[in-house]
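Here it is, the structure, as structure tokens.
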Amino acid sequence: MQATLTTFTRDGRAWQPSYLLEINPALCIGCGRCFKVCGQRVMELKGIDEDGNLVELGDDDVEIERKIMTLVDAGACIGCAACARACPKDCQTHGFA
Ligand code: SF4
Ligand code: SF4
């Protein structure tokens with residue numbers, strides 16, 4: 001059974017946060033749409049090198065095969081789910097955990 005948390009909006013209506021739990025690296029195209037709508041700095045764009053390793057962007061010595069979005073501060077998520085609505089690849093998992 002999945003745990004849930006009910007909190008409240010400003011005027012007291014019930015609100016169930018839907019936290020970002022995971023981004024599927026095989027599906028993500030690194031478009032950055034989720035990053036743009038998040039105000040909590042939960043995610044960060046990173047690179048995948050030719051050996052499949054996750055690498056920081058901006059290092060000119062490393063050749064990047066593609067970019068993917070990663071979770072870097074999951075604990076800062078407020079569960080607004082704006083990132084899920086912005087994602088064109090449906091590669092995020094949300095819930096309460
Ligand atoms: S659910 Fe909201 S706060 Fe959490 S990562 Fe997505 S946009 Fe950011
Ligand atoms: S919106 Fe979806 S496909 Fe685009 S970077 Fe975010 S998780 Fe990846």
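Quick caveat: nothing in here was measured; it's all calculated off a predicted structure. First listed ligand is number 1; within each ligand, the first listed atom is number 1.
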Got a sec: is Cys83 within less than 2.8 Å of atom 2 (Fe) of ligand 2 via an N/O/S atom? no
Counting heavy atoms under 4.0 Å, the part of Ala81 that contacts ligand 1 is backbone
Note to self: Using only atom types and a distance under 3.5 Å, with no angle test, would you say the side chain of Thr6 pairs donor to acceptor with the backbone of Trp15?
What the structure shows: no
*Other residues, nucleotides, ligands: >12 heavy atoms within 6.0 Å of Arg41 CZ*: no
Of all protein heavy atoms, the one nearest atom 4 (Fe) of ligand 2 is Cys31 SG, 2.3 Å
In this structure, atom 6 (Fe) of ligand 2 is nearest to the protein heavy atom Cys34 SG, 2.3 Å
Going hydrophobic residue to hydrophobic residue with side-chain gaps under 4.5 angstrom, can you get from Val55 over to Leu57? yes
Restricting to heavy atoms, the pick from Ala86, Cys87, Cys28, Cys38 nearest atom 8 (Fe) of ligand 2 would be Cys28
Note: ligand 2 atoms sitting under 4.0 Å from heavy atoms of Cys91 are 2 (Fe), 3 (S), 7 (S), 8 (Fe)
Notebook entry, point to check: Do the non-hydrogen side-chain atoms of Met69 and Phe35 ever get within less than 4.5 Å of each other?
Noted result: yes
The answer for which part of Met43 has a heavy atom under 4.0 Å from ligand 2 is neither
Which of Leu54, Asn53, Ile64 passes side chain to side chain contact (heavy atoms under 4.5 Å, CB included) with Ile48? Answer is Leu54
Short version for Val42: what comes under 4.0 Å of ligand 1, heavy atoms counted, is side chain
